[in-house]
Amino acid sequence: MISKLLRVIIMGPPGSGKGTISQRIVKDFGMKHLSSGDLLRKQIMGRTAAGIEAKKYIDQGQLVPDLTMVNLISNELAKIDGYSWLLDGFPRTVVQAKELLERGPIDSVINLNVPFEVIIDRIKGRWTHEASGRIYHTEFNPPNKEGIDDVTGEPLIQRDDDRPETVRKRLEGYQLSTQPVLQFFDDKKLLKVFTGKYSNELWPLVHDYLSTKITPVQYTSYK
Ligand code: ATP
Ligand code: MG
């Protein structure tokens, strides 16, 4: 059934193209986009009480406590009540997921299932010019001369967090922490999994799926 309002959650590991797919959903379906990471960064910049508290955890690479997170998101959702929305980065724990459902219904949870090997391969090809932060990719955006920065002629390096071992660890951490959340939504029959390697491969599937639930506001060319 096509409804007017759609409340969707998007999930996917770092490097899965969640940002790209989110942008396209927002554009084609005219939904409001709420990203927990963006929201937290805004709170930190504005030096709000929540921002000051959150920063302590984020700086240590930890999750922000559920209560703080739920209050923040609840406030923002209240502002976009009556609109269709896409929630990104929240919920990250089962406690958050339960609180969200207490607040109101969710129509669908999209999970971008990009094989870890694909993500590792993609990040592995990334080379950085340390001084400027310029980024190249051996496959998608190679420098004119292998291993050399186009502008300065200096050597390129591979950042520690782009090394395959580091990326693999981060992905395994993601999987461990989100598995219970995915299971929770699957039990509620809300989970919809999309499997593929590239955003351009996943996007038509996501688009067609959402089109069965809400009318696009914008023509899509699948690009
Ligand atoms: P991604 O690569 O998917 O952007 P990220 O780790 O950069 O992942 P963000 O969503 O940008 O994640 O959030 C930045 C930080 O904010 C997280 O590392 C975490 O500490 C905190 N955070 C974001 N969302 C939540 C949440 N729902 N619950 C708890 N902490 C959160
Ligand atoms: Mg981020």
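What you see is a predicted model, and the numbers here were worked out from it, not measured in a lab. When a ligand or atom number is given, it counts from 1 through the structure's own listing order. All residue numbers in this chain count up from 1 along the given sequence.
There is a side-chain donor-acceptor pair under 3.5 Å between T195 and N113.
Smallest separation of non-hydrogen atoms from I25 and I10: CD1-CD1, 4.3 Å.
Rounded to the nearest 0.5 Å, atoms CG (D107) and CG (L6) are 4.5 Å apart.
Counting the atoms of ligand 1 from 1 in the order shown, those under 4.0 Å from a heavy atom of G37 are 9 (P), 10 (O), 11 (O), 13 (O). Shown in contact with P14 at under 4.0 Å from a heavy atom are these atoms of ligand 1, numbered in order with element: 2 (O). Numbered from 1 in the order shown, with element, the atoms of ligand 1 that lie under 4.0 Å from a heavy atom of S36 read 23 (C), 24 (N), 25 (C).
Between the choices R41, Q62, Q96, the shortest heavy-atom distance to atom 28 (N) of ligand 1 belongs to Q96. The nearest non-hydrogen atom to atom 8 (O) of ligand 1, considering only K18, K55, R92, M69, comes from R92. If you check each of L72, L40, V95, D38 against atom 22 (N) of ligand 1, the one with the closest non-hydrogen atom is L40.
The distance criterion of under 3.5 Å between nitrogen or oxygen atoms is met by G89 with respect to ligand 1. At least one N or O atom of V64, backbone or side chain, sits closer than 3.5 Å to an N or O atom of ligand 1.
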Inset, instruction - Go through the steps to decide whether V70 and V95 satisfy the test side chain to side chain contact (heavy atoms under 4.5 Å, CB included), and finish with yes or no. - result: CA-CA 9 Å; V70 167; V95 172; 5.7 Å; no
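There is no path of hydrophobic side-chain contacts, each under 4.5 Å, that joins L63 to L39.
Using cut-offs of 30° and 60° on the angle between ring planes, the pair F29 and W203 is perpendicular.
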